[in-house]
Number of protein chains: 2
Amino acid sequence: MCWPSGLSINFVSLALNKDQRRPMTTIYDIAKAAGVTATTVSNVLSGKGSVSATTRARVLKYVRELEYQPNLIARSLIKGRTGVIGLILSGVDNPFYAETTTIVERLAYAVGLRVFTTTLSGDDQVGQKMLKDLILRQVDGILITTWTEKQIMHVIAAMQLPVVHCFWEDDKPASTPYVAIDLESGGLLAGQHLLSLGHRHLGVITHLNRDGSSAHEQRVAGFQNALSQHGLSLDPILLQDGRSSMEGGKTAAHKLLTQPNPPTAIFATNDAMAIGAMAAAWELGLQIPRDLSIIGLDDVTLAKYVVPPLTTVAIDKEAILSHAIKLLLDAINGQEAVSPPPLSPTLVIRGSTGPCLQ
Amino acid sequence: MCWPSGLSINFVSLALNKDQRRPMTTIYDIAKAAGVTATTVSNVLSGKGSVSATTRARVLKYVRELEYQPNLIARSLIKGRTGVIGLILSGVDNPFYAETTTIVERLAYAVGLRVFTTTLSGDDQVGQKMLKDLILRQVDGILITTWTEKQIMHVIAAMQLPVVHCFWEDDKPASTPYVAIDLESGGLLAGQHLLSLGHRHLGVITHLNRDGSSAHEQRVAGFQNALSQHGLSLDPILLQDGRSSMEGGKTAAHKLLTQPNPPTAIFATNDAMAIGAMAAAWELGLQIPRDLSIIGLDDVTLAKYVVPPLTTVAIDKEAILSHAIKLLLDAINGQEAVSPPPLSPTLVIRGSTGPCLQ
DNA sequence: CTGAAAGCGCTAACAT
DNA sequence: ATGTTAGCGCTTTCAG
């Protein structure tokens with residue numbers, strides 16, 4: 001064989017097919033070695049039944065020697081449980097979702113669950129197929145964190161598969177457990193903060209297209225409540241769609257800021273859009289917070305590092321997801337899953353908001 | 001039962017245990033309904049064997065009526081293949097990894113593979129256990145994108161499990177397929193760019209602790225090559241550890257910039273650290289790029305949105321991961337997995353670098 | 001305390 | 001073209 005220069009044999013690996021690889025040692029292998037039956041080995045391993053100390057020791061010895069590893073697939077088949085859950089996420093360029101995955105994976109593993117993450121990129125078919133695939137793979141439950149096609153919800157419901165919602169409750173069947181956040185008070189907090197800084201001409205960037213959502217509507221509603229308290233109301237032209245993404249937030253901010261009478265402060269209903277808005281402000285030569293205040297909602301890790309650091313309404317992802325996992329586990333175990341009362345967000349003041357100077 | 005005010009019965013879900021739920025319809029159910037045997041149903045479904053058009057139609061009819069869904073767990077058990085791969089990631093606050101997961105999930109699914117993401121948070125034990133769990137769950141292969149304990153590598157090697165490395169090749173057994181990037185030329189590009197802007201006093205933020213890595217060393221080496229070409233060399237005090245994270249980058253930049261003779265430009269060996277460095281500069285009242293130029297490496301999505309937009313050396317994640325998945329698939333199928341020649345990064349000039357004004 | 005037998009849902013020889 | 005048999009690796013009654 002002839003190699004392009006620079007490529008050595010190191011760069012080649014003649015892999016072994018599954019059948020060519022050394023077969024895993026099974027429970028039978030160690031049963032034979034220990035001179036007992038598979039049942040006994042199983043009992044030793046599971047701690048059920050009762051086995052004499054002697055045989056237990058002998059079995060364990062071979063377990064070690066033969067480096068036995070239980071085959072979780074076989075176990076899943078017989079138990080009717082895989083110990084895997086599905087996680088449904090949105091695929092927009094939003095750091096929030098990235099953080100969600102990591103947290104969920106860790107929390108789930110802590111209770112013995114692995115997760116298949118399914119990222120829905122818009123309304124494509126791929127995501128929907130991936131979701132069905134989750135069912136074929138016998139996941140024990142599903143955690144939904146974003147808008148999901150009604151049809152899919154029905155399939156899941158028909159399967160009577162345990163489901164928990166969080167961050168997003170649109171089109172959720174009434175009976176589905178849900179970990180709620182008081183998003184309306186989140187919007188209120190944002191509004192009050194801006195108002196207290198003297199801003200009176202306020203813009204909003206939110207997510208409002210058809211698959212958009214009460215989750216964002218609530219934030220806006222809370223914001224409007226704050227305005228009402230000051231006898232103000234939101235000018236519809238100052239409410240723009242940012243599609244939940246950084247890019248969308250940037251575009252929306254452009255529209256807002258190039259109007260004849262631009263706002264002096266903007267509430268973006270999530271941090272991704274807020275960060276996009278900051279980028280737009282920079283392009284327009286606006287300095288934050290001198291010329292424009294921006295407040296987000298979520299408190300993603302990144303918020304601390306953007307310039308200037310983003311003032312935002314923080315939601316406790318960790319707490320919410322931890323609740324969600326617990327709920328899902330209860331549902332999987334056939335226990336009553338009681339949704340907790342809504343969690344309250346908190347205001348985190350950093351550098352992207354300041355007094356109104358106009 | 002008594003409910004806190006505001007909570008309605010909607011918030012409760014009495015879940016069904018697995019055993020209580022309607023059992024899935026199996027291949028036998030539809031065999032019985034269609035008056036054939038399970039084998040025939042299997043043949044119809046797989047398209048193997050041969051079945052008369054009539055029975056095929058009849059079987060298919062019941063498949064639809066009874067809403068048959070194949071149980072992939074059972075299939076996995078008999079096939080000795082799960083169609084699942086493991087993905088090993090680092091858990092630092094680096095947007096790069098988030099993007100990696102999403103891309104891998106999509107690319108993998110396109111070739112019929114699902115992925116179990118395993119985030120290694122430092123050198124904790126949890127990550128290592130999760131990794132072993134991957135094996136118990138019979139993943140078909142593993143894609144490693146970050147530093148991994150040698151011991152684990154040995155376990156995997158012992159299992160003769162297909163493995164592919166990318167982005168990171170430290171401690172990689174020589175025979176493991178690897179998708180390489182020419183990181184050294186990446187560092188060179190960064191250095192040349194800074195030099196061409198007139199900067200002569202340069203700082204570097206990189207990842208250098210023990211589990212750090214040739215992956216970052218290469219970047220620094222390339223950078224130093226650029227310096228050498230100009231008869232310059234890197235002052236060791238201007239090389240700081242940023243631990244690959246935004247926080248680390250920020251801390252490192254602080255150290256760099258508070259020195260008696262601070263650099264006029266900084267090369268951070270990844271975008272996360274570069275973004276952290278930008279935050280540090282802001283805190284110190286330095287304006288970018290007027291007072292300080294910063295260049296990163298990776299080109300994460302976020303780079304376009306930070307203020308000012310980050311100049312960086314882009315690596316084509318999509319291409320690399322696509323190669324990696326292909327390699328892994330080859331390895332799984334027992335085919336020769338030939339590592340491609342190293343891919344070249346490219347310079348993307350945005351707003352965080354400018355002429356040296358001192 | 002240990003073993004025999006059955007079966008989870010599916011597929012793959014090997015008949016017929 | 002269809003059916004029979006056996007088995008993937010494990011657990012779970014139920015006997016002994």
Side-chain angles (χ1 to χ4, degrees), chain A residues 17-19 21-60 62-63 66-83 135-140 159, chain B residues 17-19 21-60 62-63 66-83 135-140 159:
Chain A
N17 196 331
K18 187 92 194 175
D19 321 302
R21 287 203 295 273
R22 175 165 63 81
M24 293 255 304
T25 75
T26 77
I27 207 172
Y28 281 99
D29 296 326
I30 92 131
K32 192 163 51 170
V36 292
T37 191
T39 312
T40 306
V41 178
S42 179
N43 283 337
V44 169
L45 260 25
S46 65
K48 293 181 180 171
S50 44
V51 274
S52 73
T54 8
T55 44
R56 147 165 289 113
R58 194 150 32 88
V59 166
L60 253 24
Y62 287 105
V63 163
L66 302 179
E67 293 179 312
Y68 168 79
Q69 312 270 76
N71 181 330
L72 262 33
I73 293 296
R75 193 174 290 178
S76 295
L77 183 57
I78 195 167
K79 292 248 187 192
R81 275 236 206 157
T82 53
I135 293 168
L136 306 191
R137 289 191 188 274
Q138 312 293 119
V139 294
D140 293 338
M159 299 286 309
Chain B
N17 195 331
K18 186 94 195 175
D19 320 303
R21 286 202 296 273
R22 176 165 63 82
M24 293 253 307
T25 74
T26 77
I27 208 174
Y28 281 99
D29 296 326
I30 92 132
K32 192 163 49 169
V36 292
T37 190
T39 310
T40 307
V41 178
S42 179
N43 283 338
V44 169
L45 261 26
S46 65
K48 293 181 182 172
S50 43
V51 277
S52 72
T54 7
T55 44
R56 147 164 290 113
R58 195 150 32 89
V59 165
L60 253 23
Y62 287 105
V63 163
L66 301 179
E67 293 179 313
Y68 169 79
Q69 312 271 78
N71 182 330
L72 262 33
I73 294 296
R75 193 175 290 178
S76 295
L77 183 58
I78 195 168
K79 292 248 185 192
R81 274 236 205 157
T82 53
I135 293 167
L136 306 190
R137 290 190 187 274
Q138 311 293 119
V139 294
D140 293 339
M159 300 285 310

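Chain naming here is simple, since letters A, B, ... match the order of the sequence lines and numbering starts at 1 in each.
- The closest side-chain heavy-atom distance from A:R81 to A:Q138 is not below 4.5 Å.
- Here the closest non-hydrogen pair linking A:A33 and A:L66 is CB-CD1, 4.2 Å.
- At a threshold of 4.5 Å between non-hydrogen side-chain atoms, the residues A:V59 and A:I30 count as touching.
- B:T26 comes within contact range of the sugar-phosphate backbone alone, with a heavy-atom separation under 4.0 Å but no base atom that close.
- The CZ-P distance, from A:R137 to C:dC10, rounds to 15 Å in whole Å.
- The separation between B:L77 atom CG and C:dT11 atom P is 11 Å, rounded to whole Å.
- At the phosphate of C:dA4, neither OP1 nor OP2 sits under 4.0 Å from any side-chain N or O atom of A:T39.
- As judged by a 4.0 angstrom heavy-atom cut-off over every strand, B:S76 is placed among residues making no nucleic acid contact.
- For B:Y68, a side-chain nitrogen or oxygen approaches OP1 or OP2 of C:dC10 to under 4.0 Å.
- In this model, the phosphate group of C:dT11 is approached by a side-chain N or O of B:R75 to a distance below 4.0 Å at OP1 or OP2.
- Whole-Å rounding puts the B:I73 CD1 to D:dC10 P distance at 14 Å.
- In this structure, the CD1 atom of B:I78 is 10 Å from the P atom of C:dA13, given to the nearest Å.
- Mapping B:A74 and B:T54 onto DNA chain D by nearest heavy atom places B:T54 closer to the 5' end of the strand.
- Using a 4.0 Å heavy-atom cutoff across all strands shown, B:S50 reaches at least one base atom of the nucleic acid.
- The interatomic distance linking A:N71 (CG) with C:dC8 (C1') rounds to 13 Å, in whole Å.
- Put simply, NZ on B:K48 is 15 Å from P on C:dC14, counting in whole angstrom units.
- Separating the CZ atom of B:R58 from the C1' atom of D:dT2 is a distance of 11 Å, rounded to the nearest angstrom.
- Taking atom NZ of B:K79 as the reference point, atom P of D:dG7 lies 19 Å away to the nearest angstrom.
- B:S42 and B:T39 form no side-chain donor-acceptor contact under 3.5 Å, judged by distance and modelled atom types alone.
- Side-chain N/O atoms of B:S52 include one lying less than 4.0 angstrom from OP1 or OP2 on D:dT2.
- In this structure, the side chains of B:L136 and A:N71 stay at 4.5 Å or more apart for every pair of heavy atoms.
- The shortest distance between the side-chain N/O atoms of B:T55 and the OP1/OP2 oxygens of D:dA1 is not below 4.0 Å.
- Nucleic acid contact for B:T37: base, since at least one base atom lies under 4.0 Å from a heavy atom of the residue.
- Two residues, A:Y28 and B:T40, neighbour DNA chain D, and the one matched to the more 5' nucleotide by heavy-atom proximity is B:T40.
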